[in-house]
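All remarks here apply to the structure that follows.
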Amino acid sequence: SFYDIHFKFHTMLTAKDKLSLYGINAGTDMYFELKDEEYEKANGDKYYYSMKFSWKTRSNIVFGRWEHIFNEQLSSLSSLSFEKKYYKESFEQKSTYHADDSDFWEDMNYYDYQFMNEFLWKAADNHLIKSSMLYAPHKFSIGMKMPTDVFNGNDIYEQPREYTETHYKQKPYILQGYIQDNWEILDRLTANFGARYGYYDLNKDGKLSPRVSAAYGIIPKTTLRTSFGYYYQNPDVTDFFTEWGGNEDLKTQLCKHYIVGIERELPENLNLKIEGYYKGYDKLISIDAPTDKKISNGSGFSKGIELLL
């Protein structure tokens, strides 16, 4: 079964202030049971098998946004959000065929708070400056009960299998900020200069990523575009969970983008765009074969040409 409930609310507090609220509550439940099914062994003996499987998710999100206009040149957008996620999966089986009665489960609780403030400033007729700051504390817990061996589907256990329970809890936070300037240098030439800083508390890693793009009108309705930037991605929280082969020393993954393209306006409000790109990857998460642990030594690249209409 599945359900979701949404709500939206907008109001103008003053001529220069707008308040918006959003919310969602959603959930999924799945359950399957097989009770005392009779089977036959190769020698003709009868045995019975029972199984239960359940899967449950819950998601609650509340988001508020306040837009304020200071004057014709300066405005701001502030937002506050809360998200709660819950997930649990369990499996039980019983059989008279062998000694094992399996019972294992996995669950996760995740809480996320985010506060973001953004400013938009028209510093001059040809300069539009944007800046933003984000603070996002998290809280999550992961638990699991799993067998210590691997069942291949054909094993017959004369003794019950051994199980282990593990639990992982953390309260990390993310801190991010950026500033960029959209500069109309000439009538046919615009450029965008920016920088973003991000700090991830879970691996104590802070990175500065520069980004630059430009657009030049070669002839009417035809624009040459180019861009370059550093883009960082934090490892997933489960990548640090050592009981799952994770590593608490993982680094932030890096991708360097290089793009050059031409865009042409066509009749009937159509656009034709041809782009060539190159992306270089570093600090990717891979598996260290001797230890079977995740490490940050992966690298690679991708390149190609895209045609968009």
Side-chain angles (χ1 to χ4, degrees), residues 114 116 118-124 126-134 136 174-237 239-240 247 249-266 269-288 294-309:
Q114 288 194 10
M116 189 270 291
E118 180 179 271
F119 287 94
L120 187 65
W121 178 36
K122 191 170 181 59
N126 60 343
H127 282 279
L128 182 62
I129 297 176
K130 294 181 181 180
S131 66
S132 177
M133 185 173 182
L134 171 73
I174 295 175
L175 185 63
Q176 293 180 348
Y178 80 86
I179 185 170
Q180 67 180 39
D181 180 15
N182 189 351
W183 181 18
E184 296 182 6
I185 303 173
L186 301 171
D187 289 341
R188 294 190 295 170
L189 177 62
T190 61
N192 193 308
F193 303 93
R196 178 183 294 268
Y197 178 80
Y199 177 81
Y200 193 31
D201 176 59
L202 205 53
N203 61 358
K204 312 300 180 185
D205 200 3
K207 298 296 183 182
L208 180 66
S209 50
R211 299 174 187 181
V212 180
S213 64
Y216 178 70
I218 306 173
I219 57 176
K221 298 184 179 181
T222 302
T223 305
L224 174 66
R225 299 184 183 276
T226 183
S227 63
F228 162 78
Y230 277 37
Y231 295 84
Y232 289 95
Q233 181 176 350
N234 296 320
D236 188 84
V237 293
D239 292 327
F240 296 95
N247 186 347
D249 297 323
L250 293 175
K251 304 301 181 183
T252 304
Q253 301 171 98
L254 169 63
C255 179
K256 300 178 183 179
H257 287 210
Y258 305 85
I259 301 175
V260 176
I262 295 179
E263 185 174 352
R264 174 69 178 179
E265 294 183 21
L266 302 177
N269 295 322
L270 296 177
N271 282 349
L272 176 63
K273 183 186 295 185
I274 302 175
E275 288 185 346
Y277 67 88
Y278 176 89
K279 299 179 182 180
Y281 302 95
D282 196 18
K283 303 297 183 182
L284 298 180
I285 297 175
S286 59
I287 303 297
D288 181 48
K294 297 178 180 180
I295 54 177
S296 298
N297 73 338
S299 61
F301 70 91
S302 64
K303 58 182 180 180
I305 298 175
E306 290 185 343
L307 176 63
L308 304 173
L309 180 62

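All values below were derived from every heavy atom in this structure, side-chain atoms included, with hydrogens, water molecules and symmetry-related copies excluded.
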Indicate yes or no: at least one non-hydrogen side-chain atom of Thr190 is less than 4.5 angstrom from one of Trp183. no

Counting C-beta onward and ignoring hydrogens, is there a side-chain heavy-atom pair between Asp249 and Asn203 closer than 4.5 Å? no

Can you list every pair that meets salt bridge (charged side-chain N to carboxylate O under 4.0 Å, His left out) and has a residue in residues 176-188, with sequence neighbours left out? none

Can you list the residues that meet the side chain to side chain contact (heavy atoms under 4.5 Å, CB included) rule with Ile174, with sequence neighbours excluded? Ala136, His138, Gln176, Tyr200, Asn234

Residues forming a side chain to side chain contact (heavy atoms under 4.5 Å, CB included) with Tyr230, sequence neighbours excluded: Ser209, Pro210, Phe228, Tyr232, Leu254, Lys256

With sequence neighbours excluded, what pairs up with Gln233 under the side chain to side chain contact (heavy atoms under 4.5 Å, CB included) test? Gln253

If you count every heavy atom of other residues, nucleotides or ligands that lies below 6.0 Å from Ile305 atom CD1, does the total exceed 12? no

Sort out for me which residue in Val212, Asn192, Leu128, Ile129 forms a side chain to side chain contact (heavy atoms under 4.5 Å, CB included) with Gln180. Asn192

Determine whether more than 12 heavy atoms belonging to other residues, nucleotides or ligands lie under 6.0 Å from atom NZ of Lys130. no

In this structure, CZ of Phe119 is separated from CD1 of Ile179 (nearest 0.5 Å) by 11.5 Å

List the residues meeting side chain to side chain contact (heavy atoms under 4.5 Å, CB included) with Val260, not counting sequence neighbours, and say none if there are none. Leu224, Thr226

Kindly compute the distance separating NE2 (His127) from CG (Asn182), expressed to the nearest 0.5 Å. 10.0 Å

Got a sec, which residues hit side-chain hydrogen bond (donor to acceptor under 3.5 Å, both in side chains) with Asn271, two or more places apart in sequence or on another chain? Glu263

Backbone of Lys251 reached by a side-chain donor or acceptor of Ser296 within 3.5 Å: yes

Determine, stepwise, if the pair Lys273 / Ile262 fulfils side chain to side chain contact (heavy atoms under 4.5 Å, CB included). CA-CA 6 Å; Lys273 183 186 295 185; Ile262 295 179; over 6 Å; no

How about Met116: does its CE atom have over 12 heavy atoms from other parts shown lying under 6.0 Å from it? yes

For Phe301, I'd like to know if atom CZ has over 12 heavy atoms of other residues, nucleotides or ligands within 6.0 Å. no

Partners meeting side-chain hydrogen bond (donor to acceptor under 3.5 Å, both in side chains) with Thr222 (sequence neighbours left out): Arg264

Please work out which of the three classes, parallel, tilted or perpendicular, describes the rings of His257 and Tyr231, given edges at 30° and 60°. tilted

Between Asn247 and Ile295, is any pair of side-chain heavy atoms under 4.5 Å apart? yes

Is there any salt bridge (charged side-chain N to carboxylate O under 4.0 Å, His left out) pair reaching into residues 299-309, and which pairs are they, with sequence neighbours excluded? none

Run the side-chain hydrogen bond (donor to acceptor under 3.5 Å, both in side chains) test against Glu265 and tell me which residues pass, sequence neighbours left out. none

Give every residue pair that meets the salt bridge (charged side-chain N to carboxylate O under 4.0 Å, His left out) criterion with at least one member in residues 204-220, sequence neighbours excluded. Asp201-Lys204, Asp205-Lys207

Using residues 275-286 as the side-chain source, report each donor-acceptor pair under 3.5 Å to any protein atom, sequence neighbours left out, with the distance given to one decimal.
unit_1 : atom_1 : unit_2 : atom_2 : d
Tyr281 : OH     : Ser302 : OG     : 3.4
Ser286 : OG     : Asn297 : OD1    : 2.5

Applying side chain to side chain contact (heavy atoms under 4.5 Å, CB included), run through Val237 and Leu202 and close with a yes or a no. CA-CA 8 Å; Val237 293; Leu202 205 53; 4.3 Å; yes

Quick one: list whatever passes side-chain hydrogen bond (donor to acceptor under 3.5 Å, both in side chains) with Tyr197, sequence neighbours left out. none

